[in-house]
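As the structure is a computational prediction, the values presented were derived from the model and not from experiment. Note that these values count all heavy atoms, side chains included, but never hydrogens, waters or copies made by symmetry. Residue numbers start from 1 in every chain, and the chains themselves are labelled A, B, ... in the order their sequence lines are given, proteins ahead of strands.
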Amino acid sequence: MSGATWTAGSNPALSAKKLRTAAGNRAAESQGESMARPVRTRIAPSPTGDPHVGTAYVALFNLAFARQHGGQFILRIEDTDQVRSDVASEAMIYDALRWLGLEWDEGPDVGGPHGPYRQSERAEIYREHAERLVASGDAYPCFCTKERLDALRAEQREKKLALGYDGHCRSIPPQEAERRRKAGEAHVIRLAMPREGESVVRDLLRGVIRFPNEQIDDQVLLKSDGFPTYHLANVVDDHLMEVSHVIRAEEWISSLPKHVRLYEAFGWDEPVFCHLPLLRNADRSKISKRKNPVSLNYYRRAGFLPEAMLNYLALMGWTMPDEREEFGLDEFVDELKLEGVTLGGPVFDLAKLTWLNGRYMRRLEPAELLARLRSEILSDGYLLEVLPLVRERIDTLDAFMEYSQFFFTGDLTYDDAARTKLVAKGRTAPQTAKALRTLLEDHLDGLMEWSAENLEEVVRGFCEASGWTPKELFMPIRVAVTGSPATPPLFETMAVLGKELCRRRLRNAVTELRSMK
RNA sequence: GACCCCAUCGUCUAGCCAGGUCAAGGACACCGGCCUUUCACGCCGGCAACACGGGUUCAAAUCCCGUUGGGGUCGCCA
């Protein structure tokens, strides 16, 4: 353990109960350190889908902590998964964080002294570092095939053994490994973890955490495509970017020993690690899109104010000294004590968020409220998209609202007529529910470019594959998404409504259909 | 299953580190009332929790151990 740096820049009056004493001693020791490192924090999302509410949550705490200490908050794009990463997702992350007012000091789009800030542009750096570890014996090439690893896992599962790589290639003599690499044999680079003893790591909120080393397998650092895994990339980058505090989600605790081992192998000081509790669904599982809206795009489209959103997110991990629940980002920056973050996984409660949002709305001057309405719900741009679709169906201006109201409302209520049409002709309610659900989850959720053309292609493709005819399926979709059997062309309507609203309404329709038994 | 984390009202939490002032406080939701032409807002009131079992102590929501429960991780994803 490198030891000293965990106190860098903070005043760790630790709240972790079990370590109070030890922590207090360490804090006292470090008080003489006038050379505290500047505080630098980061958010490191991977651009593989819709911008996630959890990203905003973690970003908020990182930004607040950095700002409180006059440090920097960095945005780093972790796009080392070549298949899953895409530029549309990256752009949405920027948009969503900016919408919330979570501005970063350094990042791919704003630059900074430690760039590039997009990991795909740093591949060479990771490769060099991986080689350093191979040279020092802290990592080794592994030639195991996917088939062998699958078989290994299957066997371990069957025999109820601990899962993980068995270290097969670790015993290959370095010279031979080198020869095979030169010969062009496909391989990855794995971290050589100690096999006995225990790894002792420290989390700001929880104190010391111990892991038996036999539990920790040899993690892949460099994939066979030459790209790093998260484990290598995040450690290398956090060090090179001089990140002082790694504030991230709790799900990373299990891999902390590997990260700590990497710092040690490189001979680097560790940052302070602080793992925030995971946001939860109502059933207490980790928040997920099956059970909760998780896309920041949804919250924006659904008419939540960014400042209310931020306020609520702060409440998910922090309580003000006077227990006030309504406060702005500046107050949060002033008052936050990282060590005081609450540990229980908070259930994300839409009802309370909605209440808070209402409070914020009522506080705004009418003119300001109108400006919000104009920018999010009644923008000229949106109106201009809706108008062409409705125009042919109305004869006077005042009929506009009547024919277009579903473009401006949130959740729909299906009347009896609508409920009837929600069920596909010649099919049952459960069948229709299943089709809509599959369409949504397997085909629509992953669609990044929500255009009429793409939608049509995807939906027709689904029909072909599933044996549903367009004639059967289009009406239920139409009613689900608009609440009415008479609407402008389906895919254009869906494109204008946007992904978030369509997704939400489709999901509600599935619930509705299921209730019909 | 193994390892790790967590544990106060249905939900978010205060209190816990420095045990007594806690017959456990606040907020959301829910219920009732007031205000009001209606609804909403606002205000007032109500319902509702220390997971369980041991231990330490004059005293435990607070400290210790165990159990139970919940969660996370176990990928050439992050």
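Side-chain rings of Y414(A) and F406(A) stay apart, their centers remaining 6.0 Å or farther from each other.
Of the candidates rA78(B), rC76(B), rC28(B), the closest approach to any side-chain atom of L149(A) belongs to rC76(B). The side chain of E251(A) sits closest to rU73(B) out of rG26(B), rU73(B), rA29(B). Proximity note for A351(A) (side chain, C-beta onward) versus rC12(B), rC6(B), rA29(B): the nearest is rA29(B). In the set rA78(B), rC76(B), rC12(B), rA78(B) carries the atom at the smallest distance from any side-chain atom of H231(A). Among the nucleotides rC77(B), rC76(B), rU73(B), the one closest to any side-chain atom of R84(A) is rC77(B). Of the listed nucleotides (rA78(B), rC76(B), rC3(B)), rA78(B) has the atom at the smallest distance from the side chain of W252(A).
A donor-acceptor pair shorter than 3.5 Å can be found between the side chains of D237(A) and Q119(A). Of the N and O atoms on the side chains of Y312(A) and D349(A), not one donor lies less than 3.5 Å from an acceptor on the other residue.
Comparing the same atom, P, in rC6(B) and in rC44(B) gives a spacing of 38 Å after rounding to whole Å.
Residue order along RNA chain B, read from the 5' end via each residue's closest nucleotide, puts R210(A) first among R280(A) and R210(A).
Using a 4.0 Å heavy-atom criterion, one finds that R359(A) contacts the sugar-phosphate atoms exclusively. Counting non-hydrogen atoms under 4.0 angstrom, T80(A) reaches the backbone sugars and phosphates but no base.
Regarding contacts with the backbone of rU73(B), every side-chain N or O of K258(A) stays at 4.0 angstrom or more from both OP1 and OP2. Note on K286(A): a side-chain N or O is less than 4.0 Å away from OP1 or OP2 of rU73(B). Between rC12(B) and R284(A), a contact under 4.0 Å exists linking OP1 or OP2 to a side-chain N or O. Residue T319(A) places at least one side-chain N or O closer than 4.0 Å to OP1 or OP2 of rA14(B). Within the structure, a side-chain polar atom (N or O) of R190(A) is placed less than 4.0 Å from OP1 or OP2 of rC76(B).
Remark: rU57(B) base-pairs with no nucleotide; criterion is Watson-Crick or G-U wobble with both hydrogen-bond distances under 3.5 Å.
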